[in-house]
Student: 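Below is one structure. I have some questions about it.
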Amino acid sequence: MMSDTGPLLSISGLTKAYPGVVANDTVSFDIGQSEVHALLGENGAGKSTLVKMIYGLVKPDSGTMTWKGQPFTPAEPKAARAAGVAMVFQHFSLFDALNVAENVALGMEDPPPMRDLARKIRQVSETYGLPLDPNRTVGDLSAGERQRVEIIRCLLQDPKLLIMDEPTSVLTPQEVEILFETLNKLKAEGTSILYISHKLEEIRTLCDHATILRLGKNVGECVPAETSARDMAEMMVGDTLQTPTRSTEKAGDVVLDVSGLSLEPANPFGTTLKNIHFTVRGGEILGLGGVAGNGQDELLAALSGETPTWPDAIKVKGSEVGNLGPSARRRLGILAAPEERLGHAAAPDMSLTENALLTGAIREELTSNGFVNWSGTTSFAENIIKSFDVRTPGTHVAARALSGGNLQKFVIGREVLQRPEVLIVNQPTWGVDAAAAAAIRQSLLDLAAGGAAIVVISQDLDELMEISDRFGALNEGRLSDIRPAAGLTIDEIGLMMGGAHGMEAAHIGAEGTPA
Amino acid sequence: MIKLEKRPMPSRTLSVATPLIAVAITMIAGGLLFSALGKNPFEAIRTIFWDPIFGEFAFYYRPQLLVKGAPLVLIAIGLSLGFKAGIWNIGAEGQYIIGSLCGAAVGLAFYPFDSFVVFPLMILAGALGGWAWAMIPALLKVKFGTNEILVSLMLVYVAEQLLASMSLGLLRNPEGHGFPGSRNFNDYPAGTSWINEAAGLHWGMVFAFIAVIFAYILLNRHILGFNIRLTGEAPRAARFSGVSPTRLILFCLGTSGALAGLAGLFEVSGPGGQVSIDFNVGYGFTAIIVAFLGRLHPVGILLAGLLMALTYIGGEIAQGNLGLPSAAIQVFQGMLLFFLLALDLLTNYRVRFAVKGAA
């Protein structure tokens, strides 16, 4: 038997360089037996590369790992799994058209017969409080349930170390609670957990120990329960944080009026929008929360004009715009910024100048008789880069060459600078570092102070609470009642988001009622 | 171990250089092929690439270069617009045939009326014919979501049957003693596309040059060209930008059809001379190669069209003088596209030779 005193996994001096960037620079830390260890850091700090090395997906350039006192050099994930490492990825690798048991079987080395597997899945799901029916089709599951499939797939391997990459980004507060109970149970049984996140409050409640990465280096360790969230954030960023400031202007007249918006999705696993009602006044920010895949993309497409609807479903300043396309809506001052930066908000292989033209052609008057005014477009792009502090060598650079945060600043800046009357943004700070996120939120607040009506769709509840005046949540294509954001508790928000998916009787009952 | 690594930005130098490298590699691989067939590879390559331009009979072959190149360039320019937007018109050959039939029918209807209006009307009819034939896959795609690749390709065979039926029936020369084929346009001055037959100049070349300039301006200066490129690179971003996919499909297929139809009209009323069963020789298909060889860039297509014409003419000379089988020439042309597409990878990826086992 192994002694229980030494660390489970000891990492020492791990270094991994990619062309142009050192992802990990002599990182060292230990994960103890039955410890929940947090790996904390901004996007691009090197968290993913580090766990990929532990999981055998990436080979370190130098440095060593020790597993229960033995040298540990997994050549591939199979070897890491054999040693007892399991990983739940941030992006699920599940097949929509297969059922839960089939999906679990696909990830196993030698799956047992389907009937035994289904029984095992039921057993594990009951033991760890993760309700899941092995016969359901994955395409019909919520994000939280999909995550359970991934977790159960890992637990069937009986892991010693469970790696979880940003597990709560797709969960409602209630689902987070269930997850934490499961993780605590696992810990009590002796499983160690490496928990990657940038949500500090979570880490404070869950984790025993935290390692903080910045620009690939280990910049500090702490006991989260004894450290304030602000201190941890400043260790992550390496700088003091600016909190956005907001003015308390009175809201103006109703600018955007959405009533009875219902829409069938374009693809079979999309979400149907069901009878959505809301209004936004000038100078007001409406925050729409909800777990991903509950109609966010579809709602943005309906508001931006990509999927036209009935004329009277969407009114702006009293005129019906529901059937207009994106260009006609831009002419009226209705602008949007979708969630997916590369391929939707921007064309990856086109230059920043060309990407400025992508939505700016109409309001910035960049064409005459259809001919493009390229010098005008370039100066518009330069203006965005300057006003929003986009770090790039110039306007000729392809969009995909920019980091996520810089491109996001460009995409938001491109719309904000066009003086919108209505602006709809989806996940404005997704994958953006804290400083850039603060700048983007501030620009939205400033825009609202100038009288624009703004809809922010986001899965980051902290962000929504910080900037919105009123709050609503999307759940399975329905919108909850809109309530003033000030004074909402996290429990109330969770219930607005639909509580824990698949667990609440009321929620299942609502399925059958007509919209 | 060889590794591919995505470049942060596509290499400009390589996107210009790869066609030249592809031509060079084709020459080497082709040389090996020819020597495997027992021919002197250097002589064969010289016959194909050098003799038509600088050889003893170059005075005859040089005009031929333009005669063969013009329809290729004209069709390829049209195709390139669609290809850039991810709209795949594979049936230019069919649109070429229908354009030639419509244009020829108008010309023959006026025969022997001699007026300067006849030829412009033929041009119009040729363009309309090609456009209408391309509208079939376009409308089916827009209305029912059919695949334009299959529909446009199948329509080539329909067009070929129509061509055979026309040259045996409706458009047959009434004074042709029952032989298949229409009147010869070279005998009808008002309806011929030749400007100067001795110098090998016809209106198709003029239109090909105009098409190159038009496409260049469209793609680089006009919002419509921007929308075409945007749709090809990021279809969702294009929708977000406000581009209507329906309109773009109709425009791209329509334009490529009209240009293919024009090419057919100029061919039938000039170098081809008459509507006949075997009038089409595959320009519509070869133009696909030309469009890619020219990197879907108007100037590139102009050069690629001339290069392709060169391998056609050089290939014919090599068949005649050296006894190379025509299949070998086709393999040679195929290699050109193969190497080009393979080297295409280099503009977006960098090749790294990594040492294995550094853990």
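In what follows, chains are A, B, ... by sequence order, proteins preceding strands, each numbered from 1.
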Student: Verify the neighbour count for atom NZ of A:K16: are there more than 12 heavy atoms of other residues, nucleotides or ligands below 6.0 Å?
Tutor: yes
Student: Once rounded to the nearest 0.5 Å, what's the spacing between atom OG1 of A:T307 and atom CZ of B:R239?
Tutor: 7.5 Å
Student: Identify which of A:G305, A:A336, A:S304, A:G325 forms the greatest number of heavy-atom pairs closer than 4.5 Å to chain B.
Tutor: A:A336
Student: Around atom CZ of B:F338, are there more than 12 heavy atoms of other residues, nucleotides or ligands at under 6.0 Å?
Tutor: no
Student: Kindly give the heavy-atom pair with the smallest separation between A:H344 and B:F240, and that separation in Å.
Tutor: O-CD2, 3.5 Å
Student: Look at the side chain of A:T359 and the backbone N and O of B:S241, then say whether any donor-acceptor pair between them is shorter than 3.5 Å.
Tutor: no
Student: For chain A, which of B:G225, B:A234, B:A237, B:P235 has the most heavy-atom pairs under 4.5 Å?
Tutor: B:A237
Student: Are the side chains of A:D349 and B:E233 in contact, using a 4.5 Å heavy-atom criterion?
Tutor: yes
Student: Side chain from CB out, backbone as N, CA, C, O: work out which of these in A:A347 comes under 4.5 Å of a heavy atom of chain B, or both, or neither.
Tutor: both
Student: Taking side chain as everything from C-beta outward and backbone as N, CA, C, O, which of these in A:N373 sits under 4.5 Å from a heavy atom of chain B? Side chain, backbone, both or neither.
Tutor: neither
Student: Taking every heavy-atom pair that is under 4.5 Å apart, which of A:S327, A:A398, A:A401, A:G343 has the most such pairs with chain B?
Tutor: A:G343
Student: Check the surroundings of atom CZ in A:R419: do more than 12 heavy atoms from other residues, nucleotides or ligands lie under 6.0 Å from it?
Tutor: yes
Student: With a 4.5 Å cut-off on side-chain heavy atoms, are B:F226 and A:L357 touching?
Tutor: yes
Student: For the side chain to side chain contact (heavy atoms under 4.5 Å, CB included) test, which of B:I223, B:L224, B:I217 pairs with A:F371?
Tutor: B:I217
Student: For atom CD of A:E320, is the number of surrounding heavy atoms from other residues, nucleotides or ligands below 6.0 Å larger than 12?
Tutor: yes
Student: A quick test of your reading: do over 12 heavy atoms of other residues, nucleotides or ligands sit less than 6.0 Å from CZ of B:R221?
Tutor: no
Student: Heavy-atom cut-off 4.5 Å, strictly under: side chain, backbone, both or neither for A:A75 against chain B?
Tutor: neither
Student: Side chain from CB out, backbone as N, CA, C, O: work out which of these in A:T73 comes under 4.5 Å of a heavy atom of chain B, or both, or neither.
Tutor: neither
Student: Please state whether the side chain, the backbone, both or neither of B:L218 comes within less than 4.5 Å of a heavy atom of chain A.
Tutor: neither
Student: Please report the closest heavy-atom contact between A:R330 and B:G242, naming both atoms and the distance.
Tutor: NH1-N, 4.3 Å
Student: Assess whether atom CH2 of A:W67 is packed by more than 12 heavy atoms of other residues, nucleotides or ligands within 6.0 Å.
Tutor: yes
Student: Is any side-chain heavy atom of A:E306 closer than 4.5 Å to a side-chain heavy atom of B:R236?
Tutor: no
Student: Could you have a look at B:L230, B:N220, B:V243 and say which one has the most heavy-atom pairs with chain A under 4.5 angstrom?
Tutor: B:L230
